[in-house]
Amino acid sequence: MDAFTTGLLQRIKTTESDLTRARETGDDFLAEVEEAELDDLHRLAAEHGVEVSASGV
């Protein structure tokens, strides 16, 4: 696995964790920001042929 793929998958994992934390604390604004970031990361992964498992990373 190259550095790009490793970094991208780590960013997805971190963003998923941040999204969960935002939802648990009731921070709706932060949850929306994290959801948008996660969407962008998934789009980037798809554009570069990086497979992201259904359960996260």
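Below, all heavy atoms of this structure are taken into account, side chains as well, without hydrogens, waters or symmetry copies. Because the structure is predicted, anything quoted here is derived from the model rather than measured.
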Taking atom [atom1] of [X] and atom [atom2] of [Y], what is their separation to the nearest 0.5 Å?
X     : Y     : atom1 : atom2 : value
Glu35 : Glu16 : CD    : CD    : 12.0 Å
Glu34 : Thr15 : CD    : OG1   : 5.5 Å
Leu44 : Asp39 : CG    : CG    : 12.5 Å
Leu19 : Leu30 : CG    : CG    : 8.5 Å

Task: Flag, side chain of Ser17 to backbone of Lys13, donor-acceptor distance under 3.5 Å - done: no
Open item on the list: Once side-chain hydrogen bond (donor to acceptor under 3.5 Å, both in side chains) is applied, do any residues pair with Glu47, and if so which ones, sequence neighbours excluded?
Closed with: Arg43
Open item on the list: Distance alone, cut at 3.5 Å: any donor-acceptor contact between the side chains of Gln10 and Thr14?
Closed with: yes
Open item on the list: Please tell me whether Asp2 and Thr5 have a donor and an acceptor in their side chains that are separated by less than 3.5 angstrom.
Closed with: yes
Open item on the list: Show the nearest heavy-atom pair for residues Ala31 and Ala22, with the distance to one decimal.
Closed with: N-CB, 3.7 Å
- [ ] Indicate yes or no: at least one non-hydrogen side-chain atom of Glu37 is less than 4.5 angstrom from one of Val33.
- [x] no
Task: Minimum side-chain heavy-atom gap Thr20-Glu24 below 4.5 Å - done: yes
Task: Inter- and intrachain pairs under ring-ring contact (aromatic ring centres under 6.0 Å, His included), touching residues 4-28, at least two apart - done: Phe4-His48
- [ ] Just jot down the side-chain contact (heavy atoms from CB on, under 4.5 Å) partners of Glu51, sequence neighbours excluded, or say none.
- [x] none
